[in-house]
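First comes the structure, then the notes that go with it.
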Amino acid sequence: MPTDASEPMIDVQLVENAIDLNGLWDPIADPNCGAQLVFVGRTRRATEKAAQVLLTANLSYEAFRPMAIKELQDLLYEASQKWPLRKLIGIHRIGEVQVGEASIAIALASPHRAACMEAMPWIMDQLKQRVPIWKQERFEDGAEEWVHP
């Protein structure tokens with residue numbers, strides 16, 4: 001990981017408790033960055049599957065922690081090399097996440113908005129493909145299903 005002061009600030013966390021969404025803004029504040037973007041993924045109530053709507057009771061996430069942290073760090077560093085991002089934070093929840101609660105938060109800062117807005121969907125797509133975190137959906141009818149998030 002970069003140690004040079006001119007390198008971007010990257011912070012990655014896997015947490016068991018609620019993600020402090022308000023606490024994301026100050027760490028990405030930078031007088032040289034005119035753009036800040038925060039994405040929050042939350043557990044939604046309804047999921048459509050095979051022409052029916054299933055109601056979610058909660059989600060449960062499991063991770064291979066050392067690899068998940070390293071891969072998320074590498075992913076954010078790679079994003080900082082593709083776009084001029086100066087501050088990057090990635091926080092993923094592990095364990096049970098109730099409907100309406102945040103499962104993931106990504107916070108970015110860059111000098112201009114285009115970098116943040118182009119990088120965010122790329123980061124989320126890559127995260128789902130590369131970071132070893134698994135999601136189990138638990139529905140109100142008692143059914144359960146493992147899904148790679």
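Positions are given from 1, in the same order as the sequence printed here.
Every residue was checked against the side chain to side chain donor-acceptor pair (under 3.5 Å) condition with Lys82, not counting sequence neighbours, and none meets it. Applying the side-chain contact (heavy atoms from CB on, under 4.5 Å) criterion to Ala50, with sequence neighbours excluded, gives no partner residue. With sequence neighbours left out, the salt bridge (Lys or Arg N to Asp or Glu O under 4.0 Å) criterion links Glu62 to no other residue. Every residue two or more places apart in sequence or in another chain that forms a salt bridge (Lys or Arg N to Asp or Glu O under 4.0 Å) with Glu71 is listed here: Arg130. For Gln13, the side chain to side chain donor-acceptor pair (under 3.5 Å) criterion is met by Asp11, not counting sequence neighbours. Partners of Leu24 by side-chain contact (heavy atoms from CB on, under 4.5 Å), not counting sequence neighbours, listed by chain and number: Leu21, Val38, Ile89, Ile91, Ala105, Ala107. Legend: residues meeting side-chain contact (heavy atoms from CB on, under 4.5 Å) with Asp125, ordered by chain and number and at least two apart, are absent. For Glu144, the side chain to side chain donor-acceptor pair (under 3.5 Å) test picks out Gln136, with sequence neighbours left out.
Hydrophobic clustering (ILVMFWY, side-chain heavy atoms < 4.5 Å, transitive): Val99 and Ile94 are in distinct clusters. Under the 4.5 Å side-chain contact rule for hydrophobic residues, Met124 and Ile69 share a cluster. Under the 4.5 Å side-chain heavy-atom criterion for ILVMFWY residues, a single connected hydrophobic cluster contains both Met117 and Leu108. Grouping the Ile, Leu, Val, Met, Phe, Trp and Tyr side chains by contacts below 4.5 angstrom, directly or via other members, places Tyr77 with Leu75. Both Leu85 and Leu37 are part of a single hydrophobic cluster, where members link through side-chain heavy atoms under 4.5 Å apart.
Counting only residues at least two apart or on different chains, the side chain to side chain donor-acceptor pair (under 3.5 Å) pairs with a member in residues 111-124 are Trp83-Glu118. Within the structure, every pair that satisfies the salt bridge (charged side-chain N to carboxylate O under 4.0 Å, His left out) test and touches residues 26-46, not counting sequence neighbours, is listed here: Arg45-Glu140. For residues 12-60, there are no ring-ring contact (aromatic ring centres under 6.0 Å, His included) pairs, not counting sequence neighbours.
Between atom CD1 of residue Ile10 and atom CZ of residue Arg86 there is a gap of 9.5 Å, rounded to the nearest 0.5 Å. Here the straight-line distance linking atom CE of Met67 with atom CD1 of Ile133 works out to 12.0 Å at 0.5 Å rounding. A distance of 11.5 Å separates CD in Gln81 from CG in Leu76, rounded to the nearest 0.5 Å. Here Thr56 contributes atom OG1 and Phe139 contributes atom CZ; the two are 5.0 Å apart, rounded to the nearest 0.5 Å. Interatomic distance, Lys135 NZ to Lys128 NZ, rounded to the nearest 0.5 Å: 5.5 Å. Atoms SG and CD1, from Cys116 and Ile106 in turn, are 12.0 Å apart once rounded to the nearest 0.5 Å.
Nearest heavy-atom pair across Pro8 and Ser80 is CG-OG, 3.4 Å. Here the closest non-hydrogen pair linking Trp146 and Ser60 is CZ3-O, 4.4 Å. Scanning all heavy atoms of the two residues, the minimum distance from Glu96 to Glu101 falls at O-OE1, 4.5 Å. Nearest heavy atoms, Ala68 versus Val131: O-CG1, 3.8 Å.
The closest side-chain heavy-atom distance from Arg93 to Leu59 is not below 4.5 Å. Gln129 places a side-chain heavy atom less than 4.5 Å from the side chain of Gln126.
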request  = In sequence, state the C-alpha distance, the side-chain angles, and the governing distance for Lys70 and Asp74, and then conclude on side chain to side chain contact (heavy atoms under 4.5 Å, CB included).
outcome  = CA-CA 6 Å; Lys70 181 181 183 323; Asp74 289 351; 2.6 Å; yes

inquiry  = Test side chain to side chain contact (heavy atoms under 4.5 Å, CB included) on Asn58 and Thr43; report intermediate values, then the result.
reply    = CA-CA 7 Å; Asn58 63 51; Thr43 302; 5.8 Å; no

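Heavy-atom contacts from other residues, nucleotides or ligands closer than 6.0 Å to CG of Asn17 number 12 or fewer. Annotation: Gln52, atom CD; neighbour count of heavy atoms from other residues, nucleotides and ligands within 6.0 Å is above 12.
The main-chain N or O of Ile28 is found under 3.5 Å from a side-chain atom of Gln36 such that the two form a donor-acceptor pair.
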